[in-house]
Each structure stands twice: as structure tokens, then as C-alpha cells.
Amino acid sequence: MLLEQICEPKDLKALSLEQLESLAGEIRQFLIEKLSATGGHLAPNLGVVELTLAMHYLYDSPKDKFIFDVGHQSYVHKMLTGRMDRFDTLRQYKGLCGFVKRSESEHDVWEAGHSSTSLSAAIGMAMARDLKGEDHKVVAVIGDGALTGGMALEALNHIGHEKRKLIVVLNDNEMSIAPNVGAIHNYLGKIRSDKTYKKAKDELQYLLNRIPAIGGKLAKTAERVKDSLKYMVVSGVLFEEFGLTYLGPVDGHDLQKLEEAFLQANNVNGPVLLHVLTTKGKGYKPAEADSHTWHGISPYKIESGQVLKAVGPPMYTQVFSEALIELAEQDDRIVAVTPAMPGGSGLIKFAERFPGRMIDVGIAEQHAATMSAALAMEGLKPVFAVYSTFLQRAYDQVVHDICRQNLNVVFAIDRAGFVGPDGETHHGVFDIPFLRHVPNLVLMMPKDENELRHMMKTALSYDDGPIAVRYPRVSGTGVDIDATMAPIPIGTWDVIREGESAVIVAVGPMLQVAEEAAELLKRDGLSIRIINARFIKPLDESMLLQLANEGQRVVVLEEGAQHGGLGSAVLEFYSERDIHDMAVRIIGIPDEFIEHGSIKEQRRDAGLTGERVAAELIKLMPRQHKSVSTQ
Ligand SMILES: Cc1ncc(C[n+]2csc(CCOP(=O)(O)OP(=O)(O)O)c2C)c(N)n1
């Protein structure tokens with residue numbers, strides 16, 4: 001096994017081309033085996049085996065800087081930089097991170113998780129290099145999906161302007177997570193499919209090289225002819241117009257060709273775009289056949305490709321999906337908008353049922369938000385389905401375009417709360433603080449899947465402005481589902497457990513944690529009231545005033561950043577009403593980033609457990625209860 005001999009990139013340098021090719025096979029086998037147990041981003045990594053090998057073979061990491069867009073395709077890089085022995089822990093608690101992670105290795109120079117940041121990082125690093133008078137290579141690897149993101153295009157614009165030496169490797173596998181969309185995608189397709197492009201380009205270059213240096217008018221005409229011919233026949237002209245030298249397309253599974261292309265790129269004294277064609281899932285049949293499903297996969301059986309799924313109640317995403325279809329049957333103004341996540345957001349069935357009413361805009365959250373505003377302006381009912389973490393990208397559009405104009409956009413905010421193995425780049429823990437202070441917006445979270453359905457009805461019946469429903473990346477609780485969906489009165493909370501000793505105000509899955517705390521305290525003779533704060537905004541003011549009148553002790557429990565969340569809203573409410581004698585304790589996510597692991601472990605580390613809530617409630621109690629045990 002060659003693989004066993006590779007501890008760091010320099011171990012590759014002595015290998016022959018044939019050995020590198022065998023190594024590529026061993027790497028694939030390793031990934032297929034390891035990920036069958038842990039799950040992870042299999043298809044993207046199988047696609048970049050040769051590309052990553054070529055980079056480490058030719059360059060000198062960490063002196064030369066490798067920047068991986070999103071970072072989900074960095075497993076091969078991790079293997080070649082001394083982390084092979086940690087793959088059994090991939091994406092698990094305290095284990096190897098599924099993205100680039102600086103604390104893991106000096107070879108990890110730039111972290112991500114969100115898409116389309118690599119080119120900004122690359123130009124920043126190239127600029128710093130030049131200003132510091134250093135001399136190393138900067139190589140960014142960006143997928144054709146990530147290239148559709150606005151940030152990447154902003155950076156490309158600047159890279160061409162700066163003209164600094166750097167290499168952008170465009171890893172083109174024709175896929176985002178789902179099939180890629182848009183004009184850039186179509187353009188890349190043209191380059192890929194038209195072999196005459198390359199031939200004509202070579203011939204043209206040959207001819208132009210033979211035109212002698214001629215002066216005056218004739219030279220200008222020759223230049224113009226060259227320019228117009230370039231439009232017709234030179235592939236990559238779009239990138240050339242941006243100011244980058246375009247090289248390619250190159251077969252990204254041919255090590256020899258990759259080496260030649262990189263050596264050519266090194267000779268260009270300015271920014272280069274190296275267009276590399278790869279096959280997502282390469283070398284594992286199920287992943288090649290369906291790279292959408294195998295983009296990020298749960299554990300599976302290697303021989304059959306059967307994915308091992310937990311049985312239990314449906315995920316919230318699925319419940320959302322079915323409710324939306326039901327509602328769209330009754331109202332043809334409903335359209336669904338997704339920024340490149342039709343599968344993850346549960347919109348595939350919707351698209352099949354209502355062709356033309358599901359709009360995938362590519363990785364373009366900002367555009368999706370503003371476009372939804374315009375759809376609403378024209379009387380449609382856009383449902384902008386987006387993961388909480390990616391909605392961060394569209395904050396200004398939410399404020400400026402949707403809420404300020406008070407438009408009827410429905411936000412379906414998935415992955416709200418901890419997300420487990422994707423970790424700190426993907427948690428949906430900031431949307432409560434960054435949404436609840438925006439005027440006009442209503443923000444809801446259901447306690448179970450049945451309530452989610454009613455909230456979907458609430459959202460789509462509401463015509464007073466923007467309204468959002470957030471739901472977690474977990475299964476529902478298994479409750480019975482009501483036959484019909486009915487709107488919930490805006491701003492009303494619900495007491496789900498009566499009690500006199502103290503009160504827990506909780507949202508979403510935290511209601512189950514509240515129940516655990518209440519059960520623990522029941523043993524000690526305390527009766528805890530639990531309130532389902534299903535509207536995070538507006539608050540149920542009459543219920544809050546009632547708590548004040550009773551002189552209650554209140555714990556507010558939320559799976560979101562503790563600062564600026566629902567608890568803060570409750571404190572602000574009492575402060576604004578000059579109610580200063582309420583005992584309120586907020587339990588939310590502390591002011592730190594919480595790493596990958598299971599959702600259970602993340603909640604435990606953040607202190608979102610029944611024991612902790614019970615202990616905090618005890619602290620609020622009059623003295624005689626303080627010694628009560630919660631064990
Ligand atoms: C801002 C943002 N939106 C959405 C995503 C979810 N996402 C992760 S990878 C990916 C597709 C990337 O496609 P591409 O760049 O072509 O890489 P590939 O996986 O095909 O190699 C998407 C949409 C993200 N990470 N960041």
C-alpha cells in the first residue's frame with residue numbers, strides 16, 4: 001500500500017506518475033470505506049482525488065496556500081497532510097472536522113463552510129503576499145456551483161482589476177449539490193461540449209503568431225479581427241474579459257494533463273483560471289450515478305450503496321414539504337424559491353407536482369431574497385425556503401427589500417438550532433437575534449410537526465407583511481397530525497403544562513427539554529408551568545403581563561444565541577413596561593462557536609439540558625427550595 005507511506009505532502013514528491021495513479025485508487029478506496037461508517041461529503045471528494053494529488057505534488061504547502069471553497073472537498077487534502085488516522089472520527093464529537101480547520105493542521109490556511117468565499121480569500125492573500133514582499137503561490141479551488149455565488153463574482157471582478165499572480169482552479173463537475181443552474185453553468189457547458197473550440201483556438205493562435213509585427217492601421221485591424229475571432233472561437237473568453245488568463249478545459253482525472261496545466265499556470269504572471277473537468281462521485285458507482293444524493297451522505301452499505309436511515313417520525317423538512325404542496329394545491333399564487341438547495345429544503349416533490357413554480361436561483365441567497373420581494377410585490381406568494389445559516393447572507397435584503405417594503409414573503413427557515421456534524425459553520429443559531437428586531441416581521445417556531453403545519457397555514461394566510469417559520473434539523477415528535485391546517489392567532493402563546501412554582505418559556509424542541517426539567521422538579525414537589533412561545537415576535541404581551549402580576553419566576557429557554565434572542569426580548573418587554581422586579585433567567589447558547597458532534601452533544605455542551613434548566617430554576621426559588629436536589 002502506497003497510502004501507508006504518505007504522512008505529509010513531501011512523501012508524494014518522489015512518486016512516479018504510475019505510483020500517483022495507484023495512490024489515487026487507494027485514496028478512493030479509503031474514502032469509500034471510511035465514509036460508509038461515518039457519512040460525509042463522499043461524491044465531492046471522490047471527484048477531486050487527482051486534482052488534490054497534483055496540487056500537493058507540484059506545490060509546497062503550507063508555504064503555498066491552498067484555499068478550498070466551502071471546504072467540503074478537503075478530505076483528500078486532509079489525508080495527504082497527516083490526518084489519515086483520524087478519519088474514523090470524521091464529523092463526530094471532538095473528531096476530524098468535515099471542513100477545512102486551522103486548528104487541525106498548518107496546511108489548513110482558510111476555513112469555510114459557506115460557499116463562494118475562496119476567491120476573496122485568494123486575492124486577499126495574494127495582496128498580503130505582495131505587500132509583504134513574499135513569494136509563494138496562492139491556489140483557490142472553487143466548484144462550478146460555488147462560482148454562481150455573488151461573492152465569487154465580486155471577487156473575480158476585483159481579481160481581474162488587481163492582476164496579481166494567483167491560480168483559480170475551477171472544479172467543474174456540472175453539479176452544485178443539485179444540478180447546477182444558470183447562465184454561467186450553460187457557458188461552462190458550451191466550453192465543455194464543443195471540442196472545436198479548443199482546436200480553433202490553437203489554430204487561431206498559430207496564425208496570429210505568424211502575422212509579422214506590422215504597423216499602423218493594419219495592426220489595429222489585425223487586433224480587432226483577433227478580438228472578434230476570440231469571441232467566436234476562444235474558450236474561456238468570459239474569464240479572459242474579467243482579466244484572468246484562461247487555461248483548459250483539462251481532464252481533472254488525468255494526472256499528466258493536470259501537471260502540464262499547473263506548470264503552464266505557474267508561468268503566467270497574473271491571475272489564471274484553470275478549468276478542470278471532473279466527475280463527482282468518481283470511482284464509486286452509486287455516487288457517480290446519483291451525485292446529488294451522494295453529495296453529503298449518511299452511513300451506507302458499500303456493496304449495495306444502500307443508505308442506512310434512522311426510522312422514526314418524519315423530519316420537519318418533510319412535514320414542511322408536504323404541507324406546502326397541500327397549500328399550493330389550493331392557491332396557485334404560491335411559488336417556492338430555493339438558493340441551490342431543492343433537495344435539502346424538501347422542494348423536489350413540489351417541483352415535480354408544480355413544474356415552473358419552484359425557482360432554483362443557484363447559490364444566491366441575496367438574490368433569492370430580493371427576487372422573492374419582487375414576486376410578492378406582484379401579488380404572488382413566494383415561500384423562500386432557506387437554511388437559517390445561509391439566510392445570514394441575505395440579511396440586508398431581508399431588512400431593506402422585504403421588511404422595509406412590508407411585502408408578503410414567507411420564510412421557511414430550515415436547520416434552525418444546532419445541526420450536528422456540519423458544525424459551527426452551519427448551526428442555525430443567529431436567526432432569532434438577527435430577525436426579531438426587524439420591523440414588520442413575524443417570527444414563529446413550532447413545538448412539533450403538527451404545529452408546523454398550522455404555522456404554514458398561518459404564514460400563507462397572512463397578508464400583512466413578511467412572516468417566517470423556523471424549524472429544526474430533527475425528526476418531529478411523532479404527534480398526531482390534524483386533518484386540516486388552521487391559522488394560529490398571531491402573537492399568541494400556549495400553556496402546555498400548568499404549574500405554580502415557576503415558569504419555563506420555551507420554543508421549538510426546547511419544550512421537550514422544559515418537560516424534562518419539570519419532571520425532575522416534580523419529584524421535589526415543585527410544579528412548573530411550561531409556555532410554548534410559538535411566536536418569537538410578536539410576543540404574547542398579555543401572557544407576559546400575567547406572569548408579572550403573579551410575581552412569577554421565569555426561565556426563558558431557547559436553542560439560539562443567548563444574547564439578543566427571545567430571552568432578551570422578554571427582558572426588554574419588562575424593562576419597557578417599568579417592571580423591574582421580575583426574576584428572569586435566560587438559557588440559550590453561550591457566546592461561542594460550538595463544534596461538530598451530534599445535536600445531543602451540542603445541546604449538552606451549551607447547557608440546554610433538563611438538569612441545567614432545573615438547576616437554574618432552583619436558583620430562582622425562594623430560599624427553602626435552594627437545597628432541593630435535582631438528581
Ligand atoms: C452560502 C451557501 N449556500 C449554500 C451552501 C450549501 N452548499 C454546500 S456545497 C454546495 C454546492 C457546491 O457546488 P460546487 O461548488 O460545484 O462543489 P461540488 O460539491 O460540486 O464539488 C452548496 C449549495 C453553502 N455551503 N453555502
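In each ligand, atom 1 is the first atom listed, and ligand 1 is the first ligand listed. For reference, positions follow the sequence shown, starting with 1.
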**Q** Quick check: does any side chain N or O of E601 sit under 3.5 Å from a backbone N or O of S598, one acting as donor and the other as acceptor?
**A** yes
**Q** Could you tell me, atom by atom, which parts of ligand 1 come under 4.0 Å of a heavy atom of H295?
**A**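 Close to H295: 9 (S), 19 (O).
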**Q** Tell me whether the rings of F66 and F68 are parallel (<30°), tilted (30 to 60°) or perpendicular (>60°).
**A**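 F66 vs F68 ring planes: perpendicular.
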**Q** Can you tell me if H161 has over 12 outside heavy atoms packed within less than 6.0 Å of its NE2?
**A**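 Counting neighbours around NE2 of H161, 12 or fewer heavy atoms of other residues, nucleotides or ligands fall under 6.0 Å, so no.
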**Q** Of the choices I363, I142, V141, which has the non-hydrogen atom that lies closest to atom 23 (C) of ligand 1?
**A** I363
**Q** E559 side chain to F418 main-chain N or O, any donor-acceptor pair under 3.5 Å?
**A**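 The answer is yes, because a donor-acceptor pair under 3.5 Å joins these two groups.
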**Q** Specify the protein heavy atom at minimum distance from atom 15 (O) of ligand 1: its residue, its atom name, and the distance to 0.1 Å.
**A**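 Among all protein heavy atoms, the one nearest atom 15 (O) of ligand 1 is A146 N, 2.8 Å.
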**Q** Against heavy atoms of K280, which atoms of ligand 1 measure under 4.0 Å?
**A** 18 (P), 19 (O), 20 (O)
**Q** Would H114 and F390 count as a close aromatic pair, with their ring centres under 6.0 Å?
**A** yes
**Q** Between D172 and K280, is there a salt bridge with N-O shorter than 4.0 Å?
**A**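 The answer is no: the pair does not qualify as a salt bridge.
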**Q** Give me the nearest non-hydrogen protein atom to atom 19 (O) of ligand 1 as residue plus atom name, then the distance to 0.1 Å.
**A** H72 NE2, 2.7 Å
**Q** Can you list the atoms of ligand 1 that are under 4.0 Å from a heavy atom of N173?
**A** 18 (P), 20 (O), 21 (O)
**Q** Which residue and non-hydrogen atom of the protein lie closest to atom 26 (N) of ligand 1, and at what distance in Å?
**A**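 The answer is S115 N, 2.9 Å.
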**Q** Is the closest heavy atom of H41 to ligand 1 under 4.0 Å?
**A**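 Outside the 4.0 Å threshold, so no.
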**Q** Just jot down the ligand 1 atoms closer than 4.0 angstrom to any heavy atom of M175, in number order.
**A** 13 (O), 14 (P), 16 (O), 20 (O)
**Q** Need the ligand 1 atom indices (1-based, order shown) with element for anything under 4.0 Å from a heavy-atom of P44.
**A**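 Ligand 1 atoms under the 4.0 Å threshold to P44: 19 (O).
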**Q** Could you tell me whether K78 and E104 make a salt bridge, using a distance below 4.0 angstrom between a side-chain N and a carboxylate O?
**A**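 E104 and K78: salt-bridged.
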**Q** For ligand 1, note which part of Q73 has a heavy atom under 4.0 Å away: side chain, backbone, both or neither.
**A**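 It is neither part, as no heavy atom is under 4.0 Å.
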**Q** Among all the protein's non-hydrogen atoms, which is closest to atom 14 (P) of ligand 1, and how far away is it?
**A**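 Heavy-atom neighbour on the protein nearest atom 14 (P) of ligand 1: G145 N, 3.5 Å.
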**Q** Considering only heavy atoms of E365, which atoms of ligand 1 have at least one such atom less than 4.0 Å away?
**A** 1 (C), 2 (C), 3 (N), 4 (C)
**Q** Tell me if the centroids of the rings in H295 and H72 come within less than 6.0 Å of each other.
**A** yes
**Q** Looking at ligand 1, does A178 have a heavy atom less than 4.0 Å from it?
**A** no
**Q** For G47, is the nearest heavy atom under 4.0 Å from an atom of ligand 1?
**A**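 Judged by the 4.0 Å heavy-atom criterion, G47 does not count as contacting ligand 1.
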**Q** From the options N45, V49, L23, select the one residue that forms a side-chain contact (heavy atoms from CB on, under 4.5 Å) with R28.
**A** V49
**Q** Could you tell me whether R470 and D431 have a side-chain N and a carboxylate O separated by less than 4.0 Å?
**A**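 Salt bridge between R470 and D431, a charged N being under 4.0 Å from a carboxylate O: yes.
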**Q** Considering only the protein, which heavy-atom contact is closest to atom 8 (C) of ligand 1, and what is its distance?
**A**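 Heavy-atom neighbour on the protein nearest atom 8 (C) of ligand 1: I177 CD1, 3.9 Å.
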**Q** Of all the atoms in ligand 1, which lie at a distance below 4.0 Å from a heavy atom belonging to G143?
**A**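 Taking each heavy atom of G143 in turn, ligand 1 has 14 (P), 15 (O), 16 (O) under 4.0 Å.
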**Q** Is there a donor-acceptor pair closer than 3.5 Å between any side-chain N or O of K94 and the backbone N or O of T89?
**A** no
**Q** I need the nearest protein heavy-atom contact for atom 13 (O) of ligand 1: residue, atom name and distance, please.
**A**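 Of the protein heavy atoms, S176 CA, 3.4 Å lies nearest.
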**Q** Considering only non-hydrogen protein atoms, determine which one is nearest to atom 5 (C) of ligand 1 and report residue, atom name and distance to 0.1 Å.
**A** F390 CZ, 3.2 Å
**Q** Considering non-hydrogen atoms of the protein only, which is the closest contact for atom 25 (N) of ligand 1, and what is the distance?
**A**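 Heavy-atom neighbour on the protein nearest atom 25 (N) of ligand 1: G113 O, 2.9 Å.
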**Q** Which of the numbered atoms in ligand 1 are below 4.0 angstrom from a heavy atom of R393?
**A** 1 (C)
**Q** So, E424 and K101, do they make that salt bridge, N to O below 4.0 Å?
**A**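 So E424 pairs with K101 through a salt bridge.
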**Q** side-chain contact (heavy atoms from CB on, under 4.5 Å) with I359: which of T338, L375, V181?
**A** L375
